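Predicted model, so just to flag it, every value in this text is computed and none were measured.
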Amino acid sequence: CHETNVCPHRTMKSASAPPKRQRIYILDEKDAPVEVFDHSAWSRWMSENDLVFRRTVLDESGVTITTRFRGVSEAGTGAPLLFVTRIAGMETQDNKGYAAGTLDEALEEHERILQDIIRKLTGR
């Protein structure tokens, strides 16, 4: 056992922490996140609701910016970042995602990204 470092009669224990638990959320009538604990109810809510709040398609360049509700956050990571704005159709290094804690923050990020891309595309 000591020479080969293989001990079939012992299980190896990882020194890392146990896997993080995910926290799940839905949105209330004012689009504010509310943590829920029933995974099947959450899944149903996620499938029955439109999770995209804004999508901007720049036809000529093929760029799409989408802001949507994710509904999932890792436990213990501080304030949950439940909204994400993603860029698609740019150069690979520019296809990024930006997380936000509130819908307002996400929509502001969406607009900032849109204006940055327009400046890049028009050279202004």
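At a threshold of 4.0 Å, the pair D116-K120 does not count as salt-bridged, since none of the basic side-chain nitrogens sits closer than that to a carboxylate oxygen.
A search for side-chain contact (heavy atoms from CB on, under 4.5 Å) contacts involving D104 returns T102, not counting sequence neighbours. Taking the side chain to side chain donor-acceptor pair (under 3.5 Å) definition, one finds that N49 meets it with nothing, sequence neighbours left out. For T67, the side chain to side chain donor-acceptor pair (under 3.5 Å) test picks out T85, H110, with sequence neighbours left out. Listed by chain and number, the residues in a side-chain contact (heavy atoms from CB on, under 4.5 Å) with L27 are D31, P33, W45, F53, F69, F83 (sequence neighbours excluded).
Taking the side chain as every heavy atom from C-beta outward, T64 and L58 never approach each other to under 4.5 Å. You'll find the side chain of Y98 reaches within 4.5 Å of the side chain of R112, heavy atoms only. In this structure, L82 and V72 have side chains that are not in contact, with every pair of non-hydrogen atoms separated by 4.5 Å or more. Proximity of R86 to I65: side-chain heavy atoms (C-beta onward) are nowhere separated by under 4.5 Å. Put simply, the side chain of T66 reaches to within 4.5 Å of the side chain of V52, judged on heavy atoms.
Taken to the nearest 0.5 Å, the OG atom of S43 stands 7.0 Å off from the CD1 atom of I24. In this structure, CD1 on I118 lies 8.5 Å from OG1 on T56, to the nearest 0.5 angstrom.
A side-chain donor-acceptor contact under 3.5 Å links N95 to the backbone of G89. With E105 contributing its side chain and G101 its backbone, the two residues share a donor-acceptor pair below 3.5 Å. With hydrogens and angles disregarded, a donor-acceptor distance shorter than 3.5 Å links the side chain of W42 to the backbone of G71.
Counting only residues at least two apart or on different chains, the salt bridge (charged side-chain N to carboxylate O under 4.0 Å, His left out) pairs with a member in residues 34-43 are R23-E35. Residue pairs meeting the salt bridge (charged side-chain N to carboxylate O under 4.0 Å, His left out) criterion with at least one member in residues 39-66, sequence neighbours excluded: R54-E111.
At a threshold of 4.5 Å between side-chain heavy atoms, the hydrophobic network of Ile, Leu, Val, Met, Phe, Trp and Tyr places I26 and L103 in one connected group. By the rule that hydrophobic residues join a cluster once side-chain heavy atoms approach within less than 4.5 Å of another member, L51 and V57 end up as members of separate clusters.
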